[in-house]
Amino acid sequence: MSSHSEHIFFRCTRPITMTFFQCAQVFILFKKKCIHYNSPSPSNSLAVMTVVIGFEGSANKIGVGIVRDGEVLSNPRRTYITPPGQGFLPSETARHHRSVILTVLKEALEEAGLKPADVDCVAYTKGPGMGAPLVTVALVARTVAQLWGKPLLGVNHCIGHIEMGRLITQANNPTVLYVSGGNTQVIAYSERRYRIFGETIDIAVGNCLDRFARVIKISNDPSPGYNIEQMAKKGTQYVELPYTVKGMDVSFSGILSYIEVRSGKMLKCNQCTAEDLCFSLQETLFSMLVEITERAMAHCSSQEVLIVGGVGCNLRLQEMMGVMCKERGAKLFATDESFCIDNGAMIAQAGWEMFRSGQTTELSDSWITQRYRTDEVEVTWRD
């Protein structure tokens, strides 16, 4: 470790450090982008309303969103896209985030028509996620909070998805299916916690789709999952794949291994097409998700399902879940890619709920963590 490095109050699975030069770069960029604190003007119309700005960057999306009392004022973001057949590495993803985050911040303020003085609280993704990107975003959020003289709030990424879904859909007390590249959980609220009723025991459903996309060299633009969804619409033959549900939990690694080993030979021998494999993989994975969601609904006597997370904007998943809900006389709630995919507004909304209930994060506690379970958070803003 360099003697010219200093710790900046981040806790992770490994020590995270920033050099003095890197810290200085952040402040120089702030000056170049002209994002300064302005003294609040006396008695403006937003004085009685709470405005929260949220920073999200736990994976390959970097976003800054602003929320004012349930209204999304702005929500710009950027995506780090790699060539077909490749995933995104933490260091390269963090480098991308550093290169655009202040531009995205400036866009968010301009789209919202606000000045730093109008903001009441700065929220950022504390975790879970990839270490280096999380640190990049947390560093900027800490800097913004100190420059603007605003309180800081560390937000659980999963809670951000749930609260944004509840805001947009107006679902009352749903059973939540949270599906993304890093997480797969079935969740329900009870006694100040979002309780996990079922989850993946290995890899997330989005990770399974992404890694399959690499095997058959599907483009990552705009996302591998979206391109698999489009190809699946052209599939006509169902290829039987392993179906692994263990009680309330699911396993996707075996399905991925099976299709990784066999796909090359099947395509070469014209046993099926790439579109057939996309169709078959989606049908199998989504059937498993619908099964454990229905079981959780029965346990909780729930009549609502809310799908959140990046995979949640898949229309085939929504269709399959909708059929199950209709058979049970239940309602399905989902959002489009504007709010399903990682974004800053979801962190702002969760931060808004937390801030209104009296929570803030001290600077000395504003660390990040790559592992931060949904049920670790005390939900102080719900009855």
Side-chain angles (χ1 to χ4, degrees), residues 54-67 70-82 84 87-88 93 96-97 100 104 107-108 111-112 125 129 133 137 155 157-171 174 176-185 204-210 212-213 218-234 278 281-282 285-286 289 293 305-322 332-350:
F55 292 81
E56 158 58 26
S58 58
N60 69 326
K61 307 285 191 305
I62 177 72
V64 180
I66 300 177
V67 170
E71 179 187 2
V72 179
L73 301 181
S74 62
N75 198 22
R77 67 181 168 215
R78 299 287 191 278
T79 302
Y80 175 53
I81 297 174
T82 56
F88 46 92
T93 306
H96 166 266
H97 290 1
V100 300
V104 178
E107 285 180 15
E111 289 177 21
T125 301
V137 173
V155 174
H157 178 87
C158 315
I159 301 291
H161 275 296
I162 295 172
E163 294 305 333
M164 177 52 70
R166 291 180 63 231
L167 171 67
I168 298 301
T169 66
Q170 294 298 295
V176 179
L177 175 63
Y178 171 36
V179 279
S180 68
N183 298 276
T184 301
Q185 298 174 346
V205 62
N207 186 244
C208 181
L209 291 167
D210 291 350
F212 170 68
I218 294 176
S219 172
N220 291 323
D221 189 9
S223 72
Y226 174 81
N227 293 326
I228 287 175
E229 179 183 2
Q230 304 316 307
M231 290 180 66
K233 294 175 182 177
K234 302 174 183 176
C278 291
L281 183 60
Q282 274 199 169
L285 298 179
F286 296 167
L289 296 173
T293 302
V305 173
L306 171 63
I307 306 178
V308 299
V311 181
C313 57
N314 186 295
L315 296 180
R316 179 54 182 157
L317 173 58
Q318 293 182 18
E319 180 184 12
M320 294 172 68
M321 193 68 72
L332 172 65
F333 297 91
T335 65
D336 60 18
E337 66 276 2
S338 300
F339 300 110
C340 262
I341 297 172
D342 292 352
N343 62 91
M346 72 183 206
I347 301 303
Q349 175 59 21

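Quick caveat: nothing in here was measured; it's all calculated off a predicted structure. Values below: all heavy atoms of this structure, side chains included; hydrogens, waters and symmetry mates excluded.
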Note to self: Using the rule given for side chain to side chain contact (heavy atoms under 4.5 Å, CB included), can you reason through Arg77 versus Ile341, listing the C-alpha separation, both sets of side-chain angles and the distance that settles it, and then say yes or no?
What the structure shows: CA-CA 10 Å; Arg77 67 181 168 215; Ile341 297 172; 3.9 Å; yes
Checklist line | side chain to side chain contact (heavy atoms under 4.5 Å, CB included) between Asp342 and His161, worked out | finding: CA-CA 8 Å; Asp342 292 352; His161 275 296; 2.9 Å; yes
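Atom CZ of Arg316 is separated from atom CG of Leu285 by 12.5 Å, given to the nearest 0.5 angstrom. Atom-to-atom distance recorded for Ile159:CD1 and Thr125:OG1 is 12.0 Å, nearest 0.5 angstrom. The structure places CG of Leu306 at 10.5 Å from CE of Met321, a figure rounded to the nearest 0.5 Å. Rounding to the nearest 0.5 Å gives a distance of 11.0 Å between CD of Gln349 and CG of Asn343. Residue Phe286 holds its CZ atom at 12.0 Å from OG1 of Thr293, rounded to the nearest 0.5 Å. Between the OG atom of Ser180 and the CG atom of Leu209 there is a distance of 11.0 Å, given to the nearest 0.5 Å.
By the 6.0 Å contact criterion, OH on Tyr226 is open, its count of non-hydrogen atoms from other residues, nucleotides or ligands being 12 or less. Residue-environment remark: NZ (Lys233) exceeds the threshold of 12 foreign heavy atoms within 6.0 Å.
Across every non-hydrogen atom of Val155 and Ala350, the tightest pair is CG1-CB, 3.6 Å. Nearest heavy atoms, Gln282 versus Ala232: NE2-CB, 3.5 Å. Between Ala345 and Val72, the closest heavy-atom pair is CB-CG1, 4.0 Å. What you find for Leu289 and Thr184 is that their closest heavy atoms are CD2-CG2, 3.7 Å. Looking at every heavy atom in both residues, Val67 comes nearest to Ala348 through CG2-CB, 3.8 Å. The heavy-atom pair separating His97 from Pro133 by the smallest distance is CD2-CB, 3.7 Å.
Counting only distance, with no hydrogens or angles, the side chain of Glu163 and the backbone of Met346 share no donor-acceptor pair below 3.5 Å. The closest donor-acceptor contact from the side chain of Ser74 to the backbone of Ala108 lies under 3.5 Å. Remark: side-chain polar atoms of Asn183 are not paired, donor with acceptor, to backbone N or O of Val179 under 3.5 angstrom. For the pair Thr79 (side chain) and Ile81 (backbone), a donor-acceptor distance under 3.5 Å is absent. With Glu56 contributing its side chain and Lys61 its backbone, the two residues share no donor-acceptor pair below 3.5 Å.
Annotation: side chain of Arg78 is in contact with side chain of Val104 (closest heavy-atom distance under 4.5 Å). Within the 4.5 Å cutoff, the side chain of Val137 has heavy atoms near those of the Ile62 side chain. In this structure the side chain of Asn227 reaches within 4.5 angstrom of the side chain of Pro222, judged on heavy atoms. Side-chain contact between Pro224 and Phe212 is absent, with no heavy-atom pair separated by less than 4.5 Å.
Between His157 and Tyr178, the two ring planes are tilted [angle within 30° to 60°].
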